[in-house]
Trainee: 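Structure in structure tokens, see below.
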Amino acid sequence: MEAVLKAGLLFVSRVFYRVLAIGTISSAAAMAQPLAFEVAVIRAVAPTAQSGLPGGFSMDAARVRFGGFPLQSVILRAYNVKPFQVSGPAWLATERFDIEAKPPAGATEAQLPLMLQALLADRFKMSAHQENREQSVYAIVVDKGGLKIKEKTPGPAAPPAPPPAGATVFGTPTGQMAVTKGEMMFTLAGGDLTMHITDKGVHFEASKISSLAEFFAGTGRAVEDKTNLKGSYQIEFDVSDEEMDDPAAANLLAPPGANGPPEAPTDPAAFFRTVLKKLGLNVESRKDQIEMLVIDHIEKTPTEN
């Protein structure tokens with residue numbers, strides 16, 4: 001069970017740091033708007049605490065908090081991009097910060113990303129530009145053997161599964177995490193995908209192919225749903241402890257910067273493909289033009305509070 005939970009923690013760490021909201025990079029005109037937090041306190045997480053779980057997340061008109069998340073998580077929320085759309089120093093994914101900020105009176109949630117952009121520019125001296133670059137992407141397609149999941153009949157969406165009894169629950173930039181002795185549950189924002197880790201392995205549930213594409217963005221590439229399947233499905237599968245031990249899975253699950261550069265597997269999508277084949281799906285490598293946020297300059301140490 002310990003091995004499964006450890007792999008699950010690594011998996012959730014990768015999801016925390018690499019999967020965020022869908023969208024395009026904010027326009028230059030929007031970035032120029034003079035919106036700023038009334039107060040912002042930033043503290044670097046001590047090196048001795050870098051391996052611990054994040055301390056929580058909230059982002060609303062009353063308060064913005066990133067409790068021990070990498071600065072990359074802040075950039076992703078500020079510019080509404082995914083990790084593969086950011087070109088910048090490697091430490092963005094490993095150096096963690098506690099950030100507490102208070103929006104001004106009357107601020108709306110829609111304005112918070114612009115305030116985060118202003119915070120990054122003011123306190124970390126960040127400057128960036130946009131450009132399109134050709135990148136390798138993964139495309140999810142229906143496997144030759146046919147789909148192995150059933151389409152749901154139209155109706156109201158089922159509520160997200162409740163967290164395990166007695167679990168400690170906290171928010172993250174990508175959803176909700178619940179941890180208790182012997183098990184852990186992660187629910188993607190919106191409740192469409194849940195990962196439940198127990199001593200029996202890892203159990204996944206979802207209803208949309210696009211949610212799988214979002215979840216597997218941990219491969220470090222864009223993941224595109226090319227199945228042309230538009231409905232809602234009963235997507236349910238398990239990942240065994242043995243599958244978690246696959247070398248390709250180990251590279252996918254390891255947090256950025258852990259134990260030095262990972263050894264590149266023969267097929268970097270092997271774990272991804274193994275999981276998708278359970279559903280009658282497959283993954284293909286392709287090339288596509290990706291809109292990038294290129295960081296021209298950013299300071300590792302923020303200015304004083």
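Quantities reported herein were computed from a predicted structural model and do not represent experimental measurements. The first residue of the sequence shown is numbered 1, and numbering continues consecutively from there. Heavy-atom basis, side chains included; hydrogens, waters and symmetry copies ignored.
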Trainee: Taking only residues two or more places apart in sequence, or in another chain, which ones meet Q234 in a side-chain hydrogen bond (donor to acceptor under 3.5 Å, both in side chains)?
Mentor: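 E236.
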Trainee: Applying side-chain hydrogen bond (donor to acceptor under 3.5 Å, both in side chains), name anything that partners R63, two or more places apart in sequence or on another chain.
Mentor: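 side-chain hydrogen bond (donor to acceptor under 3.5 Å, both in side chains) list for R63, sorted by chain: E100.
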Trainee: Between K148 and K278, is any pair of side-chain heavy atoms under 4.5 Å apart?
Mentor: no
Trainee: List for me each residue that meets side-chain hydrogen bond (donor to acceptor under 3.5 Å, both in side chains) alongside D122, sequence neighbours excluded, and say none if there are none.
Mentor: none
Trainee: Would you say the ring centroid of F124 lies under 6.0 angstrom from that of F97?
Mentor: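 Centroid distance F124-F97: below 6.0 Å, so yes.
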Trainee: Hey, are the side chains of I295 and L92 touching, using non-hydrogen atoms and a 4.5 Å cut-off?
Mentor: yes
Trainee: Does some side-chain heavy atom of I99 sit less than 4.5 Å from a side-chain heavy atom of F57?
Mentor: no
Trainee: Restricting to side-chain hydrogen bond (donor to acceptor under 3.5 Å, both in side chains), what partner residues turn up for S207, sequence neighbours left out?
Mentor: D192
Trainee: Please identify each residue that fulfils salt bridge (charged side-chain N to carboxylate O under 4.0 Å, His left out) with K226, with sequence neighbours left out.
Mentor: E224
Trainee: Any pair with a residue in residues 283-305 that passes ring pair (Phe, Tyr, Trp, His ring centres under 6.0 Å), sequence neighbours left out, goes on the list, sorted by first then second residue, please.
Mentor: none
Trainee: Is there side-chain contact between L293 and Q85, with at least one heavy-atom pair below 4.5 Å?
Mentor: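 They are not in contact (no side-chain heavy atoms under 4.5 Å apart), so the answer is no.
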Trainee: I'd like to check R286 versus V141 (side-chain heavy atoms, cut-off strictly below 4.5 Å). Are they in contact?
Mentor: yes
Trainee: Would you mind telling me which of L212, V275, V239 makes a side-chain contact (heavy atoms from CB on, under 4.5 Å) with F204?
Mentor: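 Filter result, single survivor: V239.
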Trainee: Is there a side-chain contact between D225 and K208 (heavy atoms, below 4.5 Å)?
Mentor: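 No, every pair of side-chain atoms sits at 4.5 Å or beyond.
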